[in-house]
Participant: 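Okay, here's the structure, questions in a sec.
In what follows, chains are A, B, ... by sequence order, proteins preceding strands, each numbered from 1.
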Amino acid sequence: IRSYTTLLHAYARACNYNKAISLFEEIKQKGLSPTLVTYNVMLDVYGRKGGRSWDKILSLLDEMRNNGLEVDEFTCSTVISACGRRGLLDEATKFFNQLKSRGYVPGIVTYNSLLQIYGKAGNYPLALSVFKELEENNCTPDSITYNEIVATYARAGFYEEGAKVLDSMATKGIMPNSITYTSVINAYGKAGKEDEALFLFHRMKKLGCVPNVCTYNTILGMLGKKSRSKEMLDILLEMKSNGCSPNRVTWNTVLAMCGKRGMEKFVGRVFEEMKNCGVGPDRDTFNTLIAAYGRCGSGAHALQIYDEMVKAGFSPCLTTYNALLNAIARKGDWGAAESVILDMRNNGFKPN
RNA sequence: AUCUCACUCCA
């Protein structure tokens, strides 16, 4: 069962969720008893798989209980994060309260997962209440807790609060890392405080904290919004000399900044360059391309990319359709817009 | 053998 569990985990990591699910069935048919870890892996599989797998998660939890298995920190955080991905905050709260009423004492990992889903959903008062509760229960916050608090403030637009926590972490014995800095830099950038963001970026480096690809992507995105392309090139060169390879998000970020009047030529060029560098497009890349062409005023290219996206085997999502409609609306082609709406409905999406 | 934090796309 250990070997099978390892294999299940490998499938999960590779996003081969259906393979994991069928292997899990096979395991049970062979008469092997899944362990707590096996169940935890499967909960994670259903948590990451799209569609309506929440019921499946509940039935797995039932099955675990029927087999006499007690949940642990892995189980709890996995289930809570699964709720978060689906926007099922109430379900997460219910699950958490049930845990406690059954006598489970939540540990820091469970608290962290709850804090992160509330924070990500923009409910920062609730997120902060989790922090309060964990401290009251003598649970010691760790670096992830602090990073989540900083990210929660940052997302809510409270960059000063975020920066304050960043500065005070060290006094609690927890050093800010590249994740902490990236959160606050991003908050400054989103608030139009480019100077503060760049200052913090320099400060982190001066303090010996090494920026990673996410940090660089954050800076690139911020500069891109302001069309500061010269500085973007400097950043890309700095990445290169620091041995930090651009990832798909880096390319998507650069593509997004090409969505400006008169920059239409660059969209296609950057996309080609991306592929030449061995970075394959994902669904976000196609959404970015559609939006970028729309901003360039080229609805025709946007429609072309949509076809390319479908041909490449990616399923359009609501964002895709909204971006496409936006692109088409710019040229006033209501006929094309109606057919996109139709297409959207046929694929099971409701306009929002 | 398993979990929780930051970066890109429409609005």
Participant: Would you indicate what Thr319(A) reaches in the nucleic acid, counting non-hydrogen atoms under 4.0 angstrom: base, sugar-phosphate, or nothing?
Facilitator: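 Base contact - Thr319(A) has a heavy atom under 4.0 Å of at least one base atom.
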Participant: Between C7(B), U4(B), C10(B), spot the one nearest the side chain of Asn112(A), thanks.
Facilitator: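 When the side chain of Asn112(A) is considered, U4(B) is the closest of C7(B), U4(B), C10(B).
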Participant: Grab the CZ-C1' distance between Phe201(A) and C7(B) for me, whole Å please.
Facilitator: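 After rounding, the gap between these two atoms is 12 Å.
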Participant: Using 30° and 60° as the class limits, which term best fits the ring planes of Tyr153(A) and Phe158(A): parallel, tilted or perpendicular?
Facilitator: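 If you compare the ring of Tyr153(A) with that of Phe158(A), the planes turn out perpendicular.
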Participant: Categorize Glu73(A) for me: base, sugar-phosphate, or nothing, with a 4.0 angstrom heavy-atom threshold over every strand shown.
Facilitator: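 Base contact - Glu73(A) has a heavy atom under 4.0 Å of at least one base atom.
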Participant: Rounded off to whole Å, could you give me the CZ-to-P distance for the Phe286(A) and U8(B) pair?
Facilitator: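 That distance rounds to 20 Å.
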Participant: Could you tell me how far apart Asp142(A) (CG) and C5(B) (P) are, to the nearest whole angstrom?
Facilitator: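 For the pair Asp142(A) CG and C5(B) P, the rounded distance is 12 Å.
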Participant: Determine whether any donor atom in the side chain of Asn212(A) lies under 3.5 Å from an acceptor atom in the base of A6(B), or the reverse, and answer yes or no.
Facilitator: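 It does, because a donor-acceptor pair links the side chain of Asn212(A) to the base of A6(B) below 3.5 Å.
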Participant: Side-chain N or O of Asn247(A) less than 4.0 angstrom from OP1 or OP2 on C7(B)?
Facilitator: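 It does not, given that no N or O in the side chain of Asn247(A) lies less than 4.0 Å from OP1 or OP2 of C7(B).
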Participant: Which of the following nucleotides, U4(B), U8(B), A1(B), is nearest to the side chain of Gln116(A)?
Facilitator: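 Selected nucleotide: U4(B).
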Participant: Between C9(B) and Lys225(A), is there an OP1 or OP2 to side-chain N/O distance shorter than 4.0 Å?
Facilitator: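 Answer is yes, contact under 4.0 Å.
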Participant: Tyr293(A) and Phe271(A): aromatic ring centres closer than 6.0 Å?
Facilitator: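 No: the rings miss the under 6.0 Å criterion.
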Participant: In whole Å, I'd like the distance from the CE atom of Met257(A) to the C1' atom of C9(B).
Facilitator: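 Value for this atom pair: 15 Å.
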Participant: With side chains defined as the heavy atoms from C-beta onward, is the minimum distance between Lys49(A) and Ile21(A) less than 4.5 Å?
Facilitator: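 They are in contact (side-chain heavy atoms under 4.5 Å apart), so the answer is yes.
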Participant: Which part of the nucleic acid, if any, lies within reach of Arg13(A) when heavy atoms closer than 4.0 Å are counted: base, sugar-phosphate only, or nothing?
Facilitator: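 Contact class for Arg13(A): none.
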Participant: Taking the six-membered ring for Trp, are Tyr321(A) and Phe349(A) ring centroids under 6.0 Å apart?
Facilitator: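 Yes, the ring centres sit under 6.0 Å apart.
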Participant: Between Asn186(A) and A6(B), does any side-chain N or O lie under 4.0 Å from OP1 or OP2?
Facilitator: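 False: Asn186(A) side-chain N/O out of range (4.0 Å or more) of A6(B) OP1/OP2.
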Participant: Would a 4.5 Å heavy-atom cut-off, applied to side chains only, mark Met344(A) and Thr320(A) as touching?
Facilitator: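 They are not in side-chain contact.
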Participant: Any side-chain heavy atom of Met42(A) sitting closer than 4.5 Å to one from Met64(A)?
Facilitator: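 Met42(A) does not reach Met64(A) side chain to side chain.
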Participant: Got a donor-acceptor pair under 3.5 Å from the side chain of Ser77(A) to the base of C3(B)?
Facilitator: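 Checked by distance alone, the answer is yes.
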Participant: Between Arg295(A) and C10(B), does any side-chain N or O lie under 4.0 Å from OP1 or OP2?
Facilitator: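 So the side-chain polar atoms of Arg295(A) do come within 4.0 Å of the phosphate oxygens OP1 or OP2 of C10(B), strictly under.
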Participant: Of the nucleotides C10(B), C5(B), U2(B), which one has an atom closest to the side chain of Ile144(A)?
Facilitator: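 Among C10(B), C5(B), U2(B), the one nearest the side chain of Ile144(A) is C5(B).
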Participant: Starting the side chain at C-beta, find the nucleotide from A6(B), C10(B), U2(B) nearest to Cys214(A).
Facilitator: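 Between A6(B), C10(B), U2(B), the one nearest the side chain of Cys214(A) would be A6(B).
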Participant: Does Lys120(A) have a side-chain nitrogen or oxygen under 4.0 Å from the phosphate oxygens OP1 or OP2 of C5(B)?
Facilitator: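 Lys120(A) to C5(B) OP1/OP2: no side-chain N or O under 4.0 Å.
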Participant: Under 4.0 Å between a side-chain N or O of Lys190(A) and OP1 or OP2 of U8(B)?
Facilitator: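 Yes, such a contact exists.
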Participant: Whole angstrom is fine here: how far is it from NZ in Lys260(A) over to P in C9(B)?
Facilitator: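 Between P of C9(B) and NZ of Lys260(A): 11 Å.
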Participant: Any donor and acceptor pair, going by atom type alone, linking the side chain of Asn242(A) with main-chain N or O of Cys244(A) inside 3.5 Å?
Facilitator: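 No: the side chain of Asn242(A) does not pair with the backbone of Cys244(A).
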Participant: Identify whether any heavy atom of Val37(A) sits under 4.0 Å from a base atom; if not, whether one sits that close to sugar-phosphate; answer base, sugar-phosphate or nothing.
Facilitator: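 It contacts base atoms.
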Participant: How many whole angstroms separate atom CZ of Arg155(A) from atom P of U8(B)?
Facilitator: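 In whole Å, U8(B) P lies 11 Å from Arg155(A) CZ.
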Participant: From C-beta outward on Ile179(A), which listed nucleotide comes closest to its side chain: U2(B), A6(B), U4(B)?
Facilitator: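 The listed nucleotide nearest to Ile179(A)'s side chain is A6(B).
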Participant: Looking at the side chain of Asp44(A), which of C9(B), C7(B), C3(B) is the nearest nucleotide?
Facilitator: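 Nearest nucleotide to the side chain: C3(B).
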Participant: Let's see if you can work this out: which of C10(B), C7(B), U4(B) has an atom nearest to the side-chain heavy atoms of Ala291(A)?
Facilitator: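 The closest nucleotide is C10(B).
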Participant: Identify whether any heavy atom of Thr78(A) sits under 4.0 Å from a base atom; if not, whether one sits that close to sugar-phosphate; answer base, sugar-phosphate or nothing.
Facilitator: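 Touches sugar-phosphate only.
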Participant: Starting from C1' on A6(B), measure out to OH on Tyr188(A) and report it in whole angstrom.
Facilitator: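 The distance from OH of Tyr188(A) to C1' of A6(B) comes to 16 Å, rounded to the nearest Å.
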Participant: Quick check for you: among A1(B), U4(B), A11(B), whose closest atom lies nearest to any side-chain atom of Arg48(A)?
Facilitator: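 Nearest listed nucleotide: U4(B).
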Participant: Give Thr182(A) one of three labels, base, sugar-phosphate or nothing, depending on what nucleic acid heavy atoms sit under 4.0 Å from its own.
Facilitator: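 Thr182(A): base contact, heavy atoms under 4.0 Å.
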Participant: With a 4.0 Å cut-off on heavy atoms, is Asp284(A) in touch with a base, just the backbone sugar-phosphate, or nothing at all?
Facilitator: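 Asp284(A): base contact, heavy atoms under 4.0 Å.
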Participant: What is the distance from NE2 of His301(A) to P of C9(B), rounded to the nearest Å?
Facilitator: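 Taking atom P of C9(B) as the reference, NE2 of His301(A) is at 22 Å.
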Participant: Which nucleotide, C5(B), C7(B), C3(B), lies nearest any side-chain atom of Ala151(A)?
Facilitator: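 Among the listed nucleotides, the one closest to the side chain of Ala151(A) is C5(B).
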Participant: Touch check for Thr180(A), heavy atoms < 4.0 angstrom, all strands: base, sugar-phosphate only, or nothing?
Facilitator: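 Nothing, no heavy atom under 4.0 Å.
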